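Worksheet for the structure shown next.
In the text below, chain A, chain B and the rest are named by the order of the sequence lines, each starting its count at 1. As the structure is a computational prediction, the values presented were derived from the model and not from experiment. Worth knowing before you read on, the calculation uses all heavy atoms, side chains too, and leaves out hydrogens, waters and symmetry mates.
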Amino acid sequence: MGGKRPVAKLATMPPPRFPRGTGLSLGTCLLSLASMIRARFAPSPTGYLHVGGARTALFNWLYARHTGGTLILRIEDTDRERSTEAHTQVILDGLAWLGIECDEGPYFQGEYGARHQADAERLLAEGKAYRCFCTREELEAQRARVEVTGLGFRYDRRCFRLTPAEVEERRGAGIPSTIRFLLQDEEIAWDDAVHGRISFQGRDLDDFVILRSDSTAIYNLAVVSDDIAMRISHVIRGDDHISNTPKQIALYRALGHPQPVFGHVPMILGADGKKLSKRHGATAVGDYQDQGILPAAMRNFLVLLGWAPGGDREILPEDEMIRLFSLEGIQKKAAVFDTTKLEWMNGQYLSALPAEEMLGPVQRQLARSGVAHGDRDLVPIVNAVKARSRTIIHLAEQVAVRLDPPRAALDPKGETLIRKMGPAFSANLELAARALEALDPKDWTSERLLETLKAAAAEHGLKLGDALQPIRVALTGSTVSEPVNELLAVVGRERSLRRMQEVAHQWTGGDAAA
RNA sequence: GGCGCUAUCGUCUAGGGGACUAGGACGGGGCCCUCUCAAGGCCCAAACACGGGUUCGAAUCCCGUUAGCGCUACCA
C-alpha cells in the first residue's frame, strides 16, 4: 500500500499538523487526516461518573471508533481540594463497565504543572500576558463596587499599566502575583461541530488569570496546554464549556497553535427539566449498574439521548452505533433523562440476551439478597423469567422465588384473585396438586404437566384458567408469570407440590378475606 | 446585569422550503394473541412557544418577543 509513506512523513512533521500544500493527493490527505483524529475525554475526579459525563465519553469513543481515530483519557485532577483517587477509580470503573475503552491514558493533568507554568511564562515573556498583584480581597471589593451599579464586572487592567520597574519592585518585595492573560479586542469565532458558527467579541471577555500565585495553572490554560501537547484534534465536551471556548481559542492563538475542532454536546436534564443533580435520584452510572441495568442497554439509551441516526432506529448494536455515529446527528437541545424508557430498553436487551450471558450479574444479585442456589442450574430459571423483567434486580427476585417458593410475597393482584375465587381457590389448588402428584416424577416436564393439568380441569369441568391461576399465585404470589406448566417445571416437583399444599391449607381453615 | 446557547406530542426524536391530513419510540388508552403477564401485532389520543417578515409556498430561512439553560472565580 502506497498509503504508508505519507502517513509516516506526516507523523514526523512539526505542528501545524494539518498538511497544506504538501503535494499529497486529496484522497491520501483525507485518509491521513481521518487516521489522525485524536479525541479525548477529560473528567475531573471531583465526584462520581455522572450520566452526562458518561454520555460525553460515549460520544468521544464513538467518534474515535467511527473515524478510526484515537481516544485519550485525561484525568483533570488539578483541583486538589476536591479531587480524590477514589473518584478517579470510580470513573475508570464506570467507563470499563460501559465498555468504553481508551487508547491512551489515563494521563493525569496534575503531572504537567511544569509545562503549564512554562506556557504561562512564555506568554508573559512575549507580552501576551502580564503579572497581576491584585489580591482576592481587592478583586472582590472591586467586583462588589461595580455590581452595585448594575454593570458586569470586568478586570480594569490596573496591573497591566504597571511599569516594568514597578513590577520588579513588587516582585523584589516578595508580593505574590498571578499571571493574567491579555485578551485582544477581536472577534473570536469558531465553527462548532454541533452548533455551527458561534461568535464572541474579545471586549466582552475578561483578562482572565492563567497561573495562580502558587504557580499552578488555571483550568483554561491547563486544558489548552494539555490538548496541544497531546495533539488533540477534536474537543467534544459538554456545552457548559461554550463560554470557555473563546478564552481557550485566544490561548491557542497566543501560543501559536491551530485550534482543534470543537463540538459542544447538550446537557442532560432531570424529569423536572432542571439540570440533573442528586435530587433526581440516580445520576451516577454506578447507580444504574447497581439497579441491574445492562451496560449495552445503558449505552444504547445514552447514545439516543441527544443523538439520532436519522430514521426510526431505536435498538442499536455496538457495531451499528459506531457505523452510524456522526457529530452532525448530535442534538443542540438539552434532553430529559427518562428512566422509564431506560428500563424499557433494558427489558429489550434482557429478553434478547442468552441466559448464560447474564448469569454473573444475576448471581451477584442473588448473593446480595442472601439467596443460596447451591448447585442448581440457573439457566432454565433465568430463561423462564427474563422476558418479563426490566432489570437484573427484578429478574433475580423472580429467580429467587422459583428457587424457594415460600419467599413469594402475595401482591395485590394475587390477593384479588384469592378473594374473588373464594373457597374454589384452595379446592382447585388441591385438586391440581393431587393430579400432579399422581404424575410419575420422570414425567415432570413442561409438556406432560400441561397435558395433565388440562385433563384434570376437563375431568372436573373447570376452565383452564381457574385451575391454573391458583397454582401461579401459590408459587409466585402474583398472577403474573411464565406459563404455569413451565413455572412448575422450573420450580421442580417437590418444591411445587409442597408449596401448593401449604398454600391450599393456609386459605382453607383461615380467613380467606385477609 | 452582561455575554452566549436553545426552543416539534408528557418524554426521546424524524424533518434541512412543496413528498406533512407533521413520521417513529417510551409512557397512556383500546383491541388481538393467551391459562395470566411480558413479548409481539393492530388501532386511538397527543406537538411545530409567540409575533413579524422572505417566498407562489414555510416545522424548515431571517428578525424580534417570551421562556429555559450555561458562563460571568487565583473551580473544573
Side-chain angles (χ1 to χ4, degrees), chain A residues 42-47 76-79 81-83 109 132 134-136 139-140 143 146-147 149-154 176-180 192 195 198-201 203-206 208-214 216-220 222-223 238-247 264 266-267 269 271 273-275 301 304-315 331-345 347-348 351-352 385-390 413 417 450 453-454 457 463-469 471-473 476 478-485 487:
Chain A
S44 48
T46 54
E76 310 217 317
D77 56 349
T78 49
D79 184 344
E81 303 283 300
R82 297 189 296 156
S83 299
Q109 189 161 61
C132 175
C134 296
T135 64
R136 271 176 226 262
L139 258 11
E140 267 162 37
R143 201 168 288 130
V146 173
E147 269 162 18
T149 69
L151 295 165
F153 171 74
R154 199 155 318 129
S177 61
T178 61
I179 295 181
R180 214 176 255 281
D192 195 274
H195 292 274
I198 298 179
S199 160
F200 285 80
Q201 295 300 326
R203 77 179 77 93
D204 292 326
L205 272 19
D206 218 358
F208 55 101
V209 173
I210 54 177
L211 201 73
R212 298 187 184 89
S213 48
D214 67 359
T216 58
I218 286 293
Y219 174 72
N220 283 313
V223 169
D239 70 10
D240 47 340
H241 285 287
I242 287 180
S243 35
N244 281 322
T245 305
K247 295 177 181 176
H264 289 95
M267 305 271 88
L269 273 21
K274 299 264 193 269
K275 189 177 176 182
F301 174 73
L304 255 22
L305 208 55
W307 174 79
D312 299 333
R313 306 291 304 274
E314 294 286 339
I315 302 295
Q331 198 75 15
K332 296 185 180 79
K333 181 182 68 162
V336 173
F337 193 93
D338 180 3
T339 45
T340 306
K341 188 162 184 179
L342 204 211
E343 291 191 356
W344 165 79
M345 187 157 289
Q348 295 291 309
S351 299
V385 301
K386 72 189 176 81
R388 259 162 298 270
S389 303
R390 288 201 155 188
K413 288 184 203 156
L417 184 89
L450 187 57
L453 256 7
K454 275 184 172 168
K463 284 195 291 185
L464 195 54
D466 288 336
L468 299 188
Q469 280 297 64
I471 301 176
R472 177 149 29 222
V473 172
T476 69
S478 177
T479 60
V480 176
S481 87
E482 63 272 40
V484 168
N485 56 318
L487 173 66

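- With sequence neighbours left out, the side-chain contact (heavy atoms from CB on, under 4.5 Å) criterion links A:K333 to A:Q331.
- Remark: A:E343 pairs with no residue by the salt bridge (Lys or Arg N to Asp or Glu O under 4.0 Å) rule, at least two apart or across chains.
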Quick one: which protein N/O atoms are closer than 3.5 Å to N/O atoms of nucleotides 44-46 of chain B? Pair and distance per line, please.
none

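- A search for salt bridge (Lys or Arg N to Asp or Glu O under 4.0 Å) contacts involving A:R136 returns nothing, not counting sequence neighbours.
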Strictly under 3.5 Å: I want the nitrogen or oxygen pairs between protein and nucleotides 13-17 of chain B, one per line.
unit_1 : atom_1 : unit_2 : atom_2 : d
B:rU13 : OP1    : A:G306 : N      : 2.6
B:rA14 : OP2    : A:Q331 : OE1    : 3.3

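- With sequence neighbours excluded, the residues satisfying ring-ring contact (aromatic ring centres under 6.0 Å, His included) with A:H241 are A:Y219.
- A:F301 pairs by the ring-ring contact (aromatic ring centres under 6.0 Å, His included) definition with A:F337, not counting sequence neighbours.
- Applying the side-chain contact (heavy atoms from CB on, under 4.5 Å) test to A:L269 and every residue at least two apart in sequence or in another chain returns A:M267, A:A334, A:V336.
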Pull out every protein N or O sitting under 3.5 Å from an N or O of nucleotides 3-5 of chain B, one pair per line with the distance.
unit_1 : atom_1 : unit_2 : atom_2 : d
B:rC5  : O3'    : A:H195 : ND1    : 3.1

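- Evaluation of the salt bridge (Lys or Arg N to Asp or Glu O under 4.0 Å) rule for A:R203 yields A:D185 as partners, not counting sequence neighbours.
- Not counting sequence neighbours, the partners of A:P45 by the side-chain contact (heavy atoms from CB on, under 4.5 Å) test are A:I75, A:D77, A:S83, A:H87, A:T88, A:I91.
- The side-chain contact (heavy atoms from CB on, under 4.5 Å) check on A:A222 picks up A:Q109, A:H116, A:A217, with sequence neighbours excluded.
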